[in-house]
Amino acid sequence: MLDAKVVELLNQQVNKEFYSAYLYLDFSNFYYDHGLDGFGNWYKIQAQEERDHALLFIQYLQNNGEKVTLDAIAKPDVVLDNAKTILSEGLKHEQYVTSLIHTIYDAAYTVKDFRTMQFLDWFVKEQGEEETNADNLIKKYELFGDDPKSLYMLDNELGARVYAAPSLVL
């Protein structure tokens, strides 16, 4: 059995991951609406990843005999006014998710829950990659976003991204 506080935080994370999927679908829709289908594709894949992260947390709870509690998913409240702002909001959101993972890790560490810590190790690494990807996307946009030909090429690059399901063994 897992510690009650750890279970509570893991259940909250399920909701946060589904919210992240909603947020990234909102971002994706903005880009598709503005003719940047590659950016739309990139964020649609981000949404798929977040959904799968939620499912991993659910599976972990179930594998440990814990009850999964699904809460309502809030509507994203980020103002979608321009392409660059969305990229910055994406980085801020990834940093927020990293802080949530660290909070769960800290709670597991406090009660010497090494199994949960090992489970979370993958997410710690994943969040490092997510923050780097979000930061790199901002840098690329700052370099190329004002030049239509360069933006077109960047959009095509992002459109080539394909979804790969996470390979975390539970």
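Note that the coordinates shown come from a computational prediction; the quantities given were computed from them, not determined experimentally. The basis for the numbers below is simple: all heavy atoms, side chains too, and nothing from hydrogens, waters or symmetry mates. Residue indices begin at 1 and follow the sequence shown.
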Report whether L137 and L25 are members of the same hydrophobic cluster (ILVMFWY, side-chain heavy atoms less than 4.5 Å apart, transitive linking).
-> no
Under a single-linkage definition using a 4.5 Å side-chain heavy-atom cutoff for Ile, Leu, Val, Met, Phe, Trp and Tyr, are L61 and F114 assigned to the same hydrophobic cluster?
-> yes
Do Q127 and E131 meet the criterion of a side-chain donor-acceptor pair at a distance under 3.5 Å?
-> no
Closest non-hydrogen atom pair, L36 against D155 | C-OD1, 3.3 Å
Inter-residue atom distance N15.CG - D71.CG, 0.5 Å rounding | 5.0 Å
Inter-residue atom distance L91.CG - I86.CD1, 0.5 Å rounding | 14.0 Å
How far apart are the closest heavy atoms of S28 and G40, and which atoms are they?
-> OG-O, 2.7 Å
Note, Y31 side chain near L158 side chain (heavy atom, < 4.5 Å) = no
Would you check if the side chain of Y22 reaches a backbone N or O of A74 as a donor-acceptor pair within less than 3.5 Å?
-> no
Are E66 and R115 ion-paired here, with the side-chain N under 4.0 Å from a carboxylate O?
-> no
Do Q46 and H93 come within less than 4.5 Å of each other through their side chains, counting heavy atoms only?
-> no
Same hydrophobic cluster for V6 and V124, using side-chain heavy-atom links shorter than 4.5 Å among ILVMFWY?
-> yes
Short side-chain to backbone donor-acceptor contact, N41 and R161, under 3.5 Å | yes
Could you grab the distance from atom CG of L151 to atom NZ of K140, nearest 0.5 Å is fine?
-> 13.0 Å
If you look at every heavy atom in K16 and L100, which pair is closest and at what distance?
-> CG-CD1, 3.7 Å
Worked check of ring-ring contact (aromatic ring centres under 6.0 Å, His included) between F27 and Y24 | CA-CA 5 Å; F27 289 5; Y24 290 148; 5.6 Å; yes
Is Y60 reachable from L70 through a run of hydrophobic residues whose side-chain heavy atoms are each under 4.5 Å from the next?
-> yes
Look at the side chain of D3 and the backbone N and O of K112, then say whether any donor-acceptor pair between them is shorter than 3.5 Å.
-> no
Spacing of CG belonging to L10 relative to CG belonging to L2, to within rounding of 0.5 Å = 7.0 Å
Can you check whether F18 reaches R51 side chain to side chain, under 4.5 Å on heavy atoms?
-> yes
In plain terms, say whether K139 and E142 are close enough for a salt bridge, that is, a side-chain N and a carboxylate O under 4.0 Å apart.
-> no
Minimal heavy-atom distance between Y105 and M117, with the atoms involved, is CE1-O, 3.3 Å
Are side-chain heavy atoms of E157 and M153 found at a separation under 4.5 Å?
-> no
Distance, nearest 0.5 Å, that separates CG of D121 from CD1 of I101 = 11.0 Å
Of all the heavy-atom pairs spanning D146 and P148, show the shortest one and how long it is.
-> O-CD, 3.5 Å
Do V97 and Q13 come close enough that some side-chain heavy atom pair is under 4.5 Å?
-> yes
Under the side-chain contact (heavy atoms from CB on, under 4.5 Å) criterion, do F123 and E130 qualify, and how do the steps go?
-> CA-CA 10 Å; F123 288 96; E130 294 294 356; over 6 Å; no
Would you check if the distance from the ring center of F119 to the ring center of F57 is below 6.0 Å?
-> yes
Can you check whether N29's main-chain N or O pairs, donor with acceptor, with Y43's side chain at less than 3.5 Å?
-> no
Is there a side-chain contact (heavy atoms from CB on, under 4.5 Å) between T85 and V79 once you walk through the steps?
-> CA-CA 9 Å; T85 299; V79 177; over 6 Å; no
Are V78 and Y32 connected, step by step, through hydrophobic side chains (Ile, Leu, Val, Met, Phe, Trp, Tyr) whose heavy atoms are closer than 4.5 Å?
-> no
What's the spacing between Y19 OH and K75 NZ if we round to 0.5 Å?
-> 11.0 Å
Closest heavy-atom pair and its distance - Y141, A83 | OH-CB, 3.6 Å
